[in-house]
Enquirer: 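Quick one: the structure is below, questions incoming.
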Amino acid sequence: NLMYKYLPDYIAQGISDIDYKRLYDMGIRGLCFDIDNTLVGMYDEEIHKKALTLINNLKNMGFSICILSNASKKRTALIATGFGLEYVYRAFKPLKQGFLTVLRILNLEPHKCAMIGDQLFTDIRGGKKAGFLTVMTKRMNNHESLYVRFKRIFEDRIMRKYIKGIEKI
C-alpha cells in the first residue's frame with residue numbers, strides 16, 4: 001500500500017510522552033527532532049524548561065541528539081543553541097540529504113536513529129525514506145503558514161484513516 005511509506009512507525013501526544021527507554025531498548029541511539037510545533041511552538045523563540053530538561057535527560061540516557069529543520073539558519077541556530085544541540089537547517093525535508101547530514105553528525109547508521117516530528121509529509125516521509133524509525137507527535141499549536149495549513153488537510157485525512165493501526169510509544 002502506497003500510504004504506508006507516509007505513515008509513522010509510532011505516534012505520541014508530544015515529545016514528553018514518548019517512551020524513550022523503549023526506543024533505547026530497540027537499539028535507537030540517535031534522536032532527530034524537528035523544531036517547529038515539535039520541540040517549540042511555531043514562531044516561538046522561547047525554550048521551555050520542560051523541553052530543555054527532557055533533552056538533557058535524553059543525553060544522560062545515552063542518546064546522541066540533533067535538530068533537523070526546514071527553517072532558516074537564524075531560527076534553527078537560535079533554538080538549537082538554546083538546547084545545546086547540533087543542527088541541520090534548510091533541510092528540505094522530505095529530501096534525504098538533511099537526514100544523511102544528521103547521520104554524519106551523529107556518526108550512526110539509519111536504523112539506529114529516530115526522527116521525531118509533527119508533519120507527515122516532511123518529518124515522517126523523509127525519515128522513512130532515509131531508513132529512520134519515525135515517531136509522529138501532535139502539533140503544539142495551530143499558528144502555521146498557509147502552506148502548512150493546506151498540507152494539514154491531507155495529513156489529517158490520512159491520519160484519521162490509519163491512526164488506529166499505528167502504535168503509541
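Keep in mind it's a predicted model, so treat the numbers as computed, not measured.
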Enquirer: Applying side-chain hydrogen bond (donor to acceptor under 3.5 Å, both in side chains) as the test, list every pair that has at least one member in residues 77-98; sequence neighbours left out.
Expert: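 Listed once each, the pairs are Asp34-Lys93, Lys93-Asp123.
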Enquirer: Considering all heavy atoms of both residues, which atom of Ala130 and which atom of Pro110 are nearest to each other, and what is their separation?
Expert: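 Heavy atoms of Ala130 and Pro110 come nearest at O-CB, 3.2 Å.
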Enquirer: Mind checking the CD1-CG spacing from Ile116 to Leu23? Nearest 0.5 Å is all I need.
Expert: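 These two atoms lie 6.5 Å from each other.
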Enquirer: Within this structure, what is the CG-CZ distance for the pair Asn37 and Arg139, rounded to the nearest 0.5 Å?
Expert: 7.5 Å
Enquirer: Under the side chain to side chain donor-acceptor pair (under 3.5 Å) test, which residues partner Asp9, sequence neighbours left out?
Expert: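 Here the qualifying residues are Lys128, Thr134.
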Enquirer: Would you please name every residue forming a salt bridge (Lys or Arg N to Asp or Glu O under 4.0 Å) with Asp19, sequence neighbours left out?
Expert: none
Enquirer: Among all residues two or more places apart in sequence or in another chain, which pass the side chain to side chain donor-acceptor pair (under 3.5 Å) test with Asn107?
Expert: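 Asn107 satisfies side chain to side chain donor-acceptor pair (under 3.5 Å) with no other residue.
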Enquirer: List the steps and the verdict of side-chain contact (heavy atoms from CB on, under 4.5 Å) for Asp118 and Met140.
Expert: CA-CA 8 Å; Asp118 68 303; Met140 293 172 82; over 6 Å; no
Enquirer: Among residues at least two apart in sequence or on other chains, which ones pass side chain to side chain donor-acceptor pair (under 3.5 Å) with Lys151?
Expert: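 If we apply the side chain to side chain donor-acceptor pair (under 3.5 Å) test to Lys151, skipping adjacent residues, the hits are Gln119.
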Enquirer: How long is the straight-line distance from OG1 of Thr76 back to CG of Asn70, given to the nearest 0.5 Å?
Expert: 8.5 Å
Enquirer: With the side chain counted from C-beta on, respond yes when Lys50 and Ser16 share a heavy-atom pair under 4.5 Å apart, and no when they do not.
Expert: yes
Enquirer: Run the side chain to side chain donor-acceptor pair (under 3.5 Å) test against Lys74 and tell me which residues pass, sequence neighbours left out.
Expert: none
Enquirer: In the hydrophobic cluster built from side-chain contacts under 4.5 Å, what are the other members alongside Phe132?
Expert: Leu68, Val88, Phe99, Leu100, Val102, Leu103, Ile105, Leu106, Leu108, Met115
Enquirer: In chain order, what residues pass the side chain to side chain contact (heavy atoms under 4.5 Å, CB included) check against Lys59, with sequence neighbours excluded?
Expert: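 With neighbours one apart ignored, the set is Ile55, Asn56, Ile65, Leu85.
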Enquirer: What are the two closest heavy atoms between Ile35 and Arg75, and how far apart are they?
Expert: CG2-NH2, 4.3 Å
Enquirer: Please enumerate all residues that pass ring-ring contact (aromatic ring centres under 6.0 Å, His included) together with Phe63, with sequence neighbours excluded.
Expert: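 Listed in chain order: Tyr24.
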Enquirer: Write down the atom of Ala71, the atom of Asp36, and the distance for their closest heavy-atom approach.
Expert: CB-OD2, 4.2 Å
Enquirer: Tell me, do Leu133 and Tyr10 make a side-chain contact under 4.5 Å, heavy atoms counted?
Expert: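 The answer is yes, as the side chains (C-beta and beyond) meet within the 4.5 Å cut-off.
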Enquirer: CD1 of Ile67 to CG of Leu31: how many Å apart, nearest 0.5 Å?
Expert: 11.5 Å
Enquirer: For Phe33, enumerate each residue passing the ring-ring contact (aromatic ring centres under 6.0 Å, His included) test, keeping only those at least two apart in sequence or located in another chain.
Expert: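 ring-ring contact (aromatic ring centres under 6.0 Å, His included) check on Phe33 returns nothing, list empty.
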Enquirer: Rounded to the nearest 0.5 Å, what's the gap from NZ on Lys112 to OG on Ser64? Could you check?
Expert: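 One gets 11.0 Å once the value is rounded to the nearest 0.5 Å.
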Enquirer: Through direct or indirect side-chain contacts below 4.5 angstrom among Ile, Leu, Val, Met, Phe, Trp and Tyr, which residues connect to Phe92?
Expert: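 ILVMFWY cluster around Phe92 also holds Leu95.
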Enquirer: Which atom names give the shortest non-hydrogen contact between Pro94 and Arg125, and what distance separates them?
Expert: CB-CG, 3.9 Å
Enquirer: Working to the nearest 0.5 Å, report the span between CD1 of Ile169 and OG1 of Thr137.
Expert: 13.0 Å
